[in-house]
Novice: 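Mind having a look at this structure? Questions to follow.
Chain letters run A, B, ... following the sequence lines, proteins first and then strands; every chain starts at 1.
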Protein chains: 2
Amino acid sequence: MVIRVLIADDHSVVREGLRMFLGRDPELEVVGEAADGVEAVESARQLHPDVVLMDLLMPVMDGIAAISIIRNELPETEVIALTSVLESAAVVGAVRAGAIGYLLKDTQAPELRRMIKAAAAGQVQLSPQASAYLMREVRTPEKTEALTEREMEVLRLLVQGQSNKEIARALQIAEDTVKTHVKHILAKLGVQSRTQAVLGAIRLGLVSPEQRMKLQ
Amino acid sequence: MVIRVLIADDHSVVREGLRMFLGRDPELEVVGEAADGVEAVESARQLHPDVVLMDLLMPVMDGIAAISIIRNELPETEVIALTSVLESAAVVGAVRAGAIGYLLKDTQAPELRRMIKAAAAGQVQLSPQASAYLMREVRTPEKTEALTEREMEVLRLLVQGQSNKEIARALQIAEDTVKTHVKHILAKLGVQSRTQAVLGAIRLGLVSPEQRMKLQ
DNA sequence: GACTCCCTACCCCTTTAGTGGTAGATCCGT
DNA sequence: ACGGATCTACCACTAAAGGGGTAGGGAGTC
């Protein structure tokens, strides 16, 4: 019984590396590749793979969104999140979206193959570090209270380094109103200043990398 | 005449992918691998490769530092910077350090082989985007005036979201002095607020990723 | 010795940011 | 119809940040 694997990563070098790692094992077969989230979802729909190796950082549609869709439409298909950095928000997001496993790109080949087989069998396999992040998250439930839509808009402008006055102009509201929103954002994020809010937003992945790079 | 290549990347998957890409070409031979900057430098010393493929984001010693050392000690060895994101600071930093080329991890195999051969011949090969970044840098000479050592220290604390008072305590100096430093930092970075300074520092790569992640 | 750069520290002053509270308008679900 | 959440907006006040300038002491350079 061969396990059919779909690889989703925006770097061709990484895809080729994974292909090599997996190709050596006769129980595994790479049935397709995808270079972004949308491709990944479409390929999964067509191929019905047993396991998807999904990079979290991809253009067009990020990996977490793709995981959600795939897990919804194809409950038989298990997804392993794949990333180069072990970051709290990414682990939690991937697991929330339905990933059964989480691994780093510096994982060795045997470990990788073991995880794919476990995933195909529906068994959860997490690295000790990833488990630790999940534990912490469970112990501290929704540390980040959900921001409202408007607050997210304000946060996005904060992350571009704008002042309250500039934000007010951009959103066509009074500066006092902006201060109210900022006040609530700081409280919800549990920080003391807009700079900390910006750093927290970036760290928690509340804003996409594109948004925070607009500066200049 | 076979071109001897050293691969330096902290992700085993990426190394394997590069090996695959390059192995298909009889003119290229992968003579070694390194998982961090220090390993890269040591391997280069021993192996004297013709070309080093150097990831910029690595633990222990980052790629740019490793490039500097290698280019200094082994002028015959050309280095191609390798990274997943095309970012202004990284391009400029790599070229300053002595990289002869710069390429992204989503580069296709033929392109990759072509660049390695050009590099071995001492020819510069840059992607159009990377060239554009360099052009902009040249047109805007030292947009970022060099910060002094003390200013860098203050900047690092700024990037951790600390207030002037907290920074003063951390550095054992008066808050007024901190304000003076911050004043100079803002002027040199050409920004209007500490939040913008933090964003700029991150974008320009003036602080390492580890430093900005300390929050919490 | 004169000069420059850096770090330190203070001055005065303006602007921006942050805290606490209240409150009307709207929408949504029960 | 009612409560709850959200967005809006204001008030008063305090704290923090930023902009201008000056200036002494140390280290290094010419």
Novice: Whether the side chain of A:Arg4 engages the backbone of A:His48 through a donor-acceptor N/O pair (distance < 3.5 Å, no angle test) should be reported.
Specialist: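 Yes, A:Arg4 side chain to A:His48 backbone: donor-acceptor pair under 3.5 Å.
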Novice: For B:Arg45 and B:Leu74, indicate whether the former's side chain and the latter's backbone hold a donor-acceptor pair under 3.5 Å.
Specialist: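 Judged by distance alone, no pair lies under 3.5 Å.
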Novice: Whole angstrom is fine here: how far is it from NZ in A:Lys188 over to P in D:dA5?
Specialist: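 It is 10 Å, rounded to the nearest whole Å.
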Novice: What nucleic acid atoms does B:Thr148 come within less than 4.0 Å of, heavy atoms only: base, sugar-phosphate, or nothing?
Specialist: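 The residue B:Thr148 makes sugar-phosphate contact but no base contact.
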Novice: For A:Thr177, which contact category applies under a 4.0 Å heavy-atom criterion: base, sugar-phosphate, or nothing?
Specialist: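 Counting heavy atoms under 4.0 Å across all strands, the contact made by A:Thr177 includes a base.
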Novice: Under 4.0 Å, counting only non-hydrogen atoms across every strand here, what does B:Asp176 touch: a base, just sugar-phosphate, or nothing?
Specialist: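 It contacts base atoms.
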Novice: Heavy atoms only, 4.0 Å cut-off, all strands: where does B:Glu151 land among base, sugar-phosphate and nothing?
Specialist: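 Nothing, no heavy atom under 4.0 Å.
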Novice: In whole Å, I'd like the distance from the CD atom of B:Gln162 to the C1' atom of D:dA17.
Specialist: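 For the pair B:Gln162 CD and D:dA17 C1', the rounded distance is 16 Å.
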Novice: Respond yes when some side-chain nitrogen or oxygen of B:His181 is under 4.0 Å from OP1 or OP2 of C:dT8, and no when none is.
Specialist: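 Yes, within the criterion.
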Novice: Hey, is the side chain of B:Asn164 poking within less than 4.0 Å of OP1 or OP2 on D:dA17, counting only N and O atoms?
Specialist: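 For B:Asn164, the contact criterion (side-chain N or O under 4.0 Å from OP1 or OP2 of D:dA17) is met.
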Novice: Choosing from D:dG18, C:dT8, D:dT8, which nucleotide comes nearest the side chain of B:Ile173?
Specialist: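 Closest of the options to the side chain of B:Ile173: C:dT8.
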Novice: May I ask you to verify if any side-chain N or O of A:Arg150 is less than 4.0 angstrom from the OP1 or OP2 atom of D:dC7?
Specialist: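 Negative; the distance criterion is not met.
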Novice: Could you state the CG-C1' distance from A:Leu189 to C:dG18, rounded to the nearest angstrom?
Specialist: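 Distance check: A:Leu189 CG to C:dG18 C1' gives 15 Å.
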Novice: Between B:Gln196 and A:Gly161 (side chain of the first, backbone of the second, donor and acceptor by atom type, cut-off under 3.5 Å), is there such a pair?
Specialist: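 Answer holds: yes.
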Novice: Out of A:Arg156, A:Lys183, A:Lys188, which one pairs with A:Glu151 under the salt bridge (charged side-chain N to carboxylate O under 4.0 Å, His left out) rule?
Specialist: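 Going through the options one by one, the only one that passes is A:Lys188.
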Novice: Specify the separation, in whole Å, of atom CG of B:Leu158 and atom C1' of D:dA17.
Specialist: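 Value for this atom pair: 11 Å.
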Novice: At their closest point, which heavy atom of A:Ile3 faces which heavy atom of A:Ile116, and how far apart are they?
Specialist: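 Minimum heavy-atom contact is CG2-CG2, 4.2 Å.
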Novice: How do B:Ser193 and B:Thr180 order along DNA chain D: which one's closest nucleotide is nearer the 5' end?
Specialist: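 Going by which nucleotide is closer to the 5' end, it is B:Ser193.
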Novice: Quick check: any donor-acceptor pair below 3.5 Å linking the side-chain of B:Lys183 to the base of D:dG18?
Specialist: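 It does not, because no donor-acceptor pair links the side chain of B:Lys183 to the base of D:dG18 below 3.5 Å.
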Novice: Considering heavy-atom distances to DNA chain C, does B:Ala174 or A:Glu175 have its closest nucleotide positioned more toward the 5' end?
Specialist: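 Comparing both residues, the 5'-ward one is B:Ala174.
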Novice: Provide, to the nearest angstrom, the distance between the CD atom belonging to A:Gln196 and the C1' atom belonging to D:dA16.
Specialist: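 Roughly 13 Å, once rounded to whole Å.
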Novice: Using whole Å, report how far CZ of B:Arg194 lies from P of D:dA15.
Specialist: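 That distance rounds to 17 Å.
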Novice: Which whole-number value in Å describes the distance from A:Leu171 CG to D:dA9 C1'?
Specialist: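 That distance rounds to 15 Å.
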Novice: A:Lys179 near the nucleic acid: base, sugar-phosphate alone, or nothing, with a heavy-atom cut-off under 4.0 Å?
Specialist: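 Base, at least one base atom sits under 4.0 Å.
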Novice: Could you state the CG-C1' distance from B:Leu186 to D:dG20, rounded to the nearest angstrom?
Specialist: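 It works out to 14 Å between those atoms.
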